[in-house]
**Student:** 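What follows is a single structure, and I will ask about it in a moment.
Here is the naming used below: chain letters follow the sequence lines, and residue numbers restart at 1 for every chain. Note that the structure is predicted; figures quoted are calculated from it, not measured.
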Amino acid sequence: MPRSNDEAAEMLQEFADLLAISGGDPFKVRAYEKAASAVAGYPRDITNLDEKGLDAIPSVGTHLARKIADLLRTGSVEELDDLRARVPAGLRSLLDVPGLGPKRAHQVYSELGITSVAELLDALHEHRLQHLHGWGERSEENLAQAIRDAHLGGARIQLAIALGLAEEVLAVLSELPQVRRATYAGSLRRMCETVGDIDLLVASDESEPVMEAFCTVPLVSRVLVRGSTKSSILTTKGVQVDLRVVEPSAWGSALLYFTGSKAHNIHLRKMAVRAGEKLSEYGLFDAGSGRLIAAETEESVYAQLGLPWISPTIREDTGEVEAALSGKLPHLVQLGDIRGDLHTHTDLTDGVAKLEDMVGAAKARGYSYYAVTDHAPLLYMQRMTDEKALEQRHRIRELERSAGITLLHGTELNIQPDGSLDWDEDFLAGFDIVVASVHSAFRQSRDAMTARILRAVEHPAVNVIAHPTGRSIGRRAPIDADWDAIFRAAARTGTALEVNSSPDRLDLDGDLVRLARSAGVRLAVSTDAHAVPHLDNMRFGVATAQRGWAGPADVVNTWPLAKLRRFLDKHAQAHVRAG
DNA sequence: GCCGTTTTCGGCCCGACTGTTTTCAGTCG
């Protein structure tokens, strides 16, 4: 079951879609959409809020608060059920076709009776659309192509893959003499876990050669849009890449604009309007005289709006602007704050690199400490034994003498379906750090799963719960558990929760990081590296922690070694708290 | 449907591109 916030957001979004497609008031539609994203991004769990509490969420008024309350209480909303009964099932899916918005979806439904993508394809095949008002041969061809493309590309791509692709195109563009600056913007710069399409930005006085180069890079499969300031291509792998070319003097306002999020931009624009100004990708202007106020750097635009620069990772309009206004912007953890990795593997279990190579790479990164946490015996396929663990400990102690880096001997325990763990307390006491995680039986009931994880959190030897939700982005849904209860227990017992940096995990995600932090939970940002290159994934974990507003004080592996060691001794921690 | 230091009514971010128009509507981000 999804979080209540997500459930309510999905309800509101479906409402918006159905209203739009049945020809409803566009402003009402937008009100539902705004409320949907406000609820999804609301930093607190709405499960136990009453109508008054829901009404306090920005963009949620009395009417929508009542509908959300109905949903949370009864599991359904009467008005939505009525609307579903009036709009044919399948019609909503038409909105997923790029280029087909609510107006035209409504048009093909009301004039041709089309209620699904399949029927739309039939109509396209028979050329029945080109006779509708406002349509022609080209719009018919484009729609058919869009449906084929959606089939080809479809799903959003992972952050790391998008970043690689962006850097490949940027490398070509940066070579051009006309290009002054070039970077990626959009959800990629905000380090969202998945990216729908890639937004690139170039500063140049001469756009034509840049567009020419962009539309002919080797990985282009088709040019979707070709203009003087904006072009879009589809890559051979089905990923859409958009390029905007702007004057160098408007670099800052353009970067701000194209980084988004949309909600963040709208918030800034409204502030500008209130101050008698106008904000666009071309700059901040005086609304009356049209005089340019700021445009060259992001910092200058923020400053003229009365704000400090805001990190792209938190530009989601979930309170960052208000925080900036009141001087309470969080001091976010940075990659350079990280002093060590607390969850890594070697070829003793399922890693592919030798202990010495992993340690050497960690040292080269400038870490001051490094934990080796190979799997424990209950993950049977890894064939770990007591003897192997002790022998590894001996090797680590030897290696540490010459390595110039503090090595922590740890292990990653398997949390069994009943919450029991590998090894007994005496044996576990010999490790410097103990990580525990779920590797199987992901589909337990919410109650069973919560009890299972709580048992591990309460265990006196367990320091970190790794990849807590067990999700695999795009492949496996997160487990269902009572996160509030788990966060409270983790905070009380001094058990850290991991922000796993692997691009296909990013677990906890930004939203859960934020909830965990507000419950007082400490975080461990780790790579779970199984090979040397995986150590570089730390930047994705740090970005995810930033998206949850985490600062260095929240992240135990930014702490000096002595402080970390005190945290890793749960008995001593309990003693300090009792005292 | 939401919202308010000009407003409880009358607005609601703004600009680019495409394809259909002969001055604009629809879609997207």
Side-chain angles (χ1 to χ4, degrees), chain A residues 12 15-16 19-21 23-39 54-68 79-80 94-108 129-143 145-146 185-190 192 195-201 207 211 223-232 240-246 250 253-254 256-285 287 317:
Chain A
L12 293 166
F15 228 124
L19 281 172
I21 215 166
D25 172 19
F27 292 111
K28 188 168 162 180
V29 172
R30 196 188 294 173
Y32 275 86
E33 281 175 336
K34 271 175 68 175
S37 62
V39 169
L54 293 165
D55 193 13
I57 301 172
S59 304
V60 175
T62 52
H63 291 84
L64 294 187
R66 207 215 73 233
K67 289 188 174 75
I68 295 170
E79 291 90 332
L80 181 58
L94 292 184
L95 295 179
D96 292 333
V97 178
L100 193 65
K103 289 277 169 54
R104 292 188 148 183
H106 181 246
Q107 186 187 22
V108 298
L129 292 170
Q130 58 180 273
H131 306 300
L132 298 177
H133 180 74
W135 292 72
E137 261 180 64
R138 288 304 301 273
S139 33
E140 211 173 51
E141 279 169 29
N142 289 343
L143 189 60
Q145 186 66 50
S187 50
L188 185 55
R189 185 163 178 244
R190 301 201 310 281
C192 295
V195 173
D197 51 30
I198 295 170
D199 294 302
L200 303 180
L201 187 64
S207 71
M211 288 304 185
V223 176
L224 300 171
V225 176
R226 170 75 189 262
S228 61
T229 66
K230 177 192 169 173
S231 295
S232 299
Q240 184 174 331
V241 185
D242 298 341
L243 172 67
R244 297 275 187 157
V245 179
V246 300
S253 49
L256 178 61
Y257 180 82
F258 293 116
T259 297
S261 68
K262 188 174 172 177
H264 180 84
N265 286 347
I266 288 173
H267 198 140
L268 296 185
R269 280 178 185 230
K270 285 183 173 172
M271 285 178 63
V273 168
R274 234 170 283 141
E277 294 162 356
K278 189 184 73 151
L279 179 63
S280 75
E281 59 264 53
Y282 299 109
L284 181 66
F285 300 90
D317 195 28

**Student:** Measure from NZ on A/K34 to C1' on B/dC3 and round the result to the nearest Å.
**Tutor:** 8 Å
**Student:** Please state how far atom NE2 in A/H264 lies from atom C1' in B/dC13, giving the value in whole angstrom units.
**Tutor:** 14 Å
**Student:** Distance check, P atoms only: B/dT21 and B/dT27, in whole angstrom units.
**Tutor:** 16 Å
**Student:** In whole Å, what separates the C1' atom of B/dC2 from that of B/dT8?
**Tutor:**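 These two C1' atoms come out 12 Å apart once rounded.
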**Student:** Could you check if a side-chain atom of A/Q107 sits within less than 4.5 angstrom of a side-chain atom of A/L132, using non-hydrogen atoms only?
**Tutor:**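 Yes. Closest side-chain heavy atoms under 4.5 Å.
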**Student:** If you draw a 6.0 Å radius around NZ in A/K34, do more than 12 non-hydrogen atoms from other residues or ligands fall strictly inside?
**Tutor:**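 Counting neighbours around NZ of A/K34, 12 or fewer heavy atoms of other residues, nucleotides or ligands fall under 6.0 Å, so no.
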**Student:** Quick check for you: among B/dG1, B/dA16, B/dG29, whose closest atom lies nearest to any side-chain atom of A/D25?
**Tutor:**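 Closest nucleotide to the A/D25 side chain: B/dG1.
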**Student:** Quick check for you: to the nearest 0.5 Å, what is the distance between A/L94 atom CG and A/R104 atom CZ?
**Tutor:** 13.5 Å
**Student:** Looking for any heavy atom pair under 4.0 Å, which part of the strands does A/E137 touch: base, sugar-phosphate only, or nothing?
**Tutor:**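 The residue A/E137 makes sugar-phosphate contact but no base contact.
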**Student:** Give the nucleotide from the list B/dG19, B/dG1, B/dT27 with an atom nearest to the side chain of A/R104.
**Tutor:** B/dT27
**Student:** For B/dG15 and B/dG4, measure between their P atoms and round to the nearest Å.
**Tutor:**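 Roughly 24 Å separates the two P atoms.
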**Student:** For B/dC12 versus B/dT18, give the span between their P atoms, rounded off to a whole number of Å.
**Tutor:** 27 Å
**Student:** If you check the A/R30 side chain, which of B/dC2, B/dT20, B/dC12 turns out closest?
**Tutor:** B/dC12
**Student:** Among the candidates B/dG1, B/dC17, B/dG29, find the nucleotide nearest to the side-chain atoms of A/K28.
**Tutor:** B/dG1
**Student:** Expressed in angstrom and rounded to an integer, what is the separation of A/Q240 atom CD from B/dC17 atom C1'?
**Tutor:**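 Rounding to the nearest Å, CD of A/Q240 and C1' of B/dC17 are 12 Å apart.
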**Student:** Which of the following nucleotides, B/dC17, B/dG15, B/dG19, is nearest to the side chain of A/T229?
**Tutor:**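 From the listed options, B/dC17 comes nearest.
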**Student:** Using atom C1' of each nucleotide, how far apart are B/dG11 and B/dT6 to the nearest Å?
**Tutor:**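 So the two C1' atoms sit 13 Å from each other.
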**Student:** Partner of B/dC17 by Watson-Crick or G-U wobble geometry, both contacts under 3.5 Å, or none?
**Tutor:** B/dG26
**Student:** Mind checking if A/R274 touches a base, just sugar-phosphate, or nothing, with heavy atoms under 4.0 Å?
**Tutor:**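 Nothing, no heavy atom under 4.0 Å.
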**Student:** CZ of A/R138 versus P of B/dT21: gap in Å, rounded?
**Tutor:** 14 Å
**Student:** In whole Å, measure the gap between the C1' atoms of B/dC3 and B/dC13 for me.
**Tutor:**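 Going atom to atom, C1' in each nucleotide, I get 16 Å.
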**Student:** Base, sugar-phosphate, or nothing: which does A/S232 touch, judged by heavy atoms less than 4.0 Å apart?
**Tutor:** nothing
**Student:** Looking at B/dG1, B/dG15, B/dG29, which one has an atom nearest to any side-chain atom of A/E281?
**Tutor:**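 For the A/E281 side chain, the nearest candidate turns out to be B/dG15.
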**Student:** By nearest nucleotide on DNA chain B, pick out whichever of A/S231 and A/G99 is the more 5' one.
**Tutor:**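 So the residue in question is A/S231.
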**Student:** Ignoring backbone atoms, test whether A/H63 places a side-chain nitrogen or oxygen under 4.0 Å from the OP1 or OP2 oxygen of B/dC2.
**Tutor:**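 Yes, within the criterion.
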**Student:** If I pick the P atom on B/dT23 and the same atom on B/dG29, what distance separates them, to the nearest angstrom?
**Tutor:**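 Pairwise P distance, B/dG29 against B/dT23, rounds to 30 Å.
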**Student:** Closest to the A/S228 side chain: B/dC14, B/dT27, B/dC17?
**Tutor:** B/dC17
**Student:** Counting just side-chain N and O atoms, does A/K230 come under 4.0 Å of either OP1 or OP2 of B/dA16?
**Tutor:**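 Answer is no, no contact under 4.0 Å.
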**Student:** Taking atom types as they are modelled, is there a donor-acceptor pair under 3.5 Å from the base of B/dG15 to the side chain of A/Y282?
**Tutor:** no
**Student:** Please check this pair: side chain of A/S207 against backbone of A/S228, looking for a donor-acceptor N/O pair closer than 3.5 Å.
**Tutor:**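 At least one qualifying donor-acceptor pair exists.
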**Student:** Output yes when a side-chain donor or acceptor of A/E140 lies under 3.5 Å from a complementary backbone atom of A/Q130, and no otherwise.
**Tutor:**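 Judged by distance alone, yes, a pair lies under 3.5 Å.
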**Student:** Between B/dG29, B/dT20, B/dC13, spot the one nearest the side chain of A/S139, thanks.
**Tutor:**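 My answer, after comparing the listed nucleotides, is B/dT20.
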**Student:** Nearest to the side chain of A/I266, which nucleotide is it out of B/dC17, B/dC13, B/dC12?
**Tutor:** B/dC13
**Student:** Heavy atoms from C-beta onward define the side chain here; which of B/dC13, B/dG1, B/dA16 lies closest to that of A/R269?
**Tutor:** B/dC13
**Student:** Indicate yes or no for a side-chain donor-acceptor contact from A/T229 to the backbone of A/V245 under 3.5 Å, with no hydrogens or angles considered.
**Tutor:** no
**Student:** Classify A/P58 by what it touches in the nucleic acid, base, sugar-phosphate, or nothing, heavy-atom distance under 4.0 Å.
**Tutor:** sugar-phosphate
**Student:** Please state how far atom CD1 in A/I21 lies from atom C1' in B/dT27, giving the value in whole angstrom units.
**Tutor:**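 That distance rounds to 14 Å.
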**Student:** With a 4.0 Å limit, can you tell me whether A/K103 has a side-chain N or O closer than that to the phosphate oxygens OP1/OP2 of B/dG26?
**Tutor:**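 Yes, because at least one side-chain N or O of A/K103 sits under 4.0 Å from OP1 or OP2 of B/dG26.
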**Student:** Can you tell me the distance, in whole Å, between the CG atom of A/N265 and the P atom of B/dC28?
**Tutor:** 19 Å
**Student:** Report the distance from atom CD of A/E277 to atom P of B/dC13, rounded to the nearest whole Å.
**Tutor:**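 One finds 17 Å between P of B/dC13 and CD of A/E277, rounded.
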**Student:** If you assign each of A/S280 and A/F27 to its closest nucleotide in DNA chain B, which residue comes earlier from the 5' end?
**Tutor:** A/F27
**Student:** When you compare the side chain of A/F15 with that of A/E79, does any pair of heavy atoms fall below 4.5 Å?
**Tutor:** yes
**Student:** Which whole number of Å gives the distance between the P atom of B/dT22 and that of B/dA16?
**Tutor:**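 Straight-line distance between the two P atoms is 24 Å.
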**Student:** Separation of A/K262 atom NZ from B/dC12 atom C1', in whole Å?
**Tutor:**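 That distance rounds to 13 Å.
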**Student:** Within the structure provided, determine whether A/R244 and A/D199 are in side-chain contact (heavy-atom separation under 4.5 Å).
**Tutor:**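 When only atoms from C-beta onward are counted, A/D199 and A/R244 do not touch, as no gap falls below 4.5 Å.
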